[in-house]
Every structure is written in C-alpha cells, then in structure tokens.
Amino acid sequence: MARNYWLMKSEPDAFSFEDLKNCPNKTEHWDGIRNYQARNLMRDDMKKGDWVLFYHSNAGKETGVVGLAEIASKEAYPDHTSWDKKSKYYDEKSSKENPRWLMVDVKYKRPLKCPVTLQQLKEETALEGMLVIKRGQRLSIQPVEKQHFDHVSEMGGVKL
DNA sequence: GCCAACGTTGGC
DNA sequence: GCCAACGTTGGC
C-alpha cells in the first residue's frame, strides 16, 4: 500500500527536531494529542513507514519545516499520559481500560539542508492548498499531498 | 504580549 | 440541537 504523508507540529521549546534526534533510537512517542481530528488521522490513516514533515511552530522567524521523520509504530496505540494524573495531558475521561487518546512513534530521518520557513511555504505557488499555510489552521497533525511533500523536501535541499 | 481563529463545553 | 462562553493554538 502506498505510503501516506504528514506534517506534524511541535514547539521547539517543548520538543524540537534536535530533541528527536537525541532520543534513544532517534524515536519518540508522540504523546499529548488531545484533538479528535488529529487522533482520528492517527487511528485511521497513519501507518508505519509514512513520512513526516517535522514543523516547528511558535518559533518566531524560525517557524517552518526543519526536517523529515517517519512513523515508526505499526499503528496508533493508547496514550498513557491520558490516565496519568501527574501528566499535564491527563484527561479524567480516559482510562487504561477505555483509552480516549492515542499516539504513534515518530523516528528522526534527516534534517533539511536549509529549513523551509512558513513565509517561504506561503510564497510558493506550487504549495497552494497546503493546510499549514491556511490562516487559523491549528490542527497539529495534518495530511500532506505527496507532491507537496516532495516539493518542500526539494526546497529544503533534500533529494529523496 | 496581542489577538484571530478555532474546538470544546455546557446551559437551555 | 443551538449557541455563548471559554480555553488553546500559533502567527505576528
């Protein structure tokens, strides 16, 4: 089956692409997603081997795509932070027996030679329609069309 | 720090 | 089921 393509946002102050690189096996579980649309995308459409544009949000003029990653878990699985009372992602409506929230594992692949800023994404006519450049688009996991993924990679100086 | 846009909650 | 109030995201 053909691979799917995604964009995943993270605030670099909280968890950056470099942080992912420094994780054991360059892999980390993507916890804390508390949005139904994003959860359903993970549950229904994400699969191992899908490719990801790693996007730094809330990062001033650094805001943009900084690297490539891939989905490393076979599928989405329960987010244990959702029933951990000490976690800031705790949700009283979620439990181990009946988990409400899911996560996937994300693995570092490679950095873009030159990061592609949000500004550049907006100026690129070939990327018209990409969700991330839509105003007010807050979804933290977004589907990306293959042609857009390829184009952003190319802009970033990465030959796939 | 501001604030527009958006998702969720809860009263009715 | 509607919608106002609220909290959060994230660009600027």
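None of the values given here were measured: they were computed from a predicted structure. Lettering follows sequence order; numbering is per chain, from 1.
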Is it true that A:D79 and A:R34 make a salt bridge, defined as a side-chain N closer than 4.0 Å to a carboxylate O?
-> yes
Assert: residue with more 5' nearest nucleotide on DNA chain B, out of A:R100 and A:G136, is A:G136
Can you name the side chain to side chain contact (heavy atoms under 4.5 Å, CB included) partners of A:S73, sequence neighbours left out?
-> A:I71, A:Y77, A:V104, A:D105
Whether over 12 other heavy atoms sit under 6.0 Å from A:Q119 CD = no
After noting the C-alpha distance and the side-chain angles of A:H151 and A:E124, does the key distance pass the side-chain hydrogen bond (donor to acceptor under 3.5 Å, both in side chains) rule?
-> CA-CA 10 Å; A:H151 196 82; A:E124 192 75 5; 2.7 Å; yes
Does A:R43 reach the main-chain N or O of A:A38 with its side chain, forming a donor-acceptor pair under 3.5 Å?
-> no
In chain order, what residues pass the side chain to side chain contact (heavy atoms under 4.5 Å, CB included) check against A:R3, with sequence neighbours excluded?
-> A:Y5, A:D50, A:W51
What's the CZ-P distance between A:R135 and C:dC12, to the nearest Å?
-> 9 Å
What residues 114-134 of chain A contributes to the DNA chain C interface at heavy-atom separation below 4.0 Å is A:L118, A:K122
What does nucleotides 4-9 of chain C look like as a protein-contact string, B for base, S for sugar-phosphate only, - for none, at under 4.0 angstrom between heavy atoms?
-> ---BBB
With sequence neighbours excluded, tell me which residues meet side chain to side chain contact (heavy atoms under 4.5 Å, CB included) with A:H80.
-> A:H29, A:W83, A:M103
Across all chains, not counting sequence neighbours, the side-chain hydrogen bond (donor to acceptor under 3.5 Å, both in side chains) partners of A:E154 are none
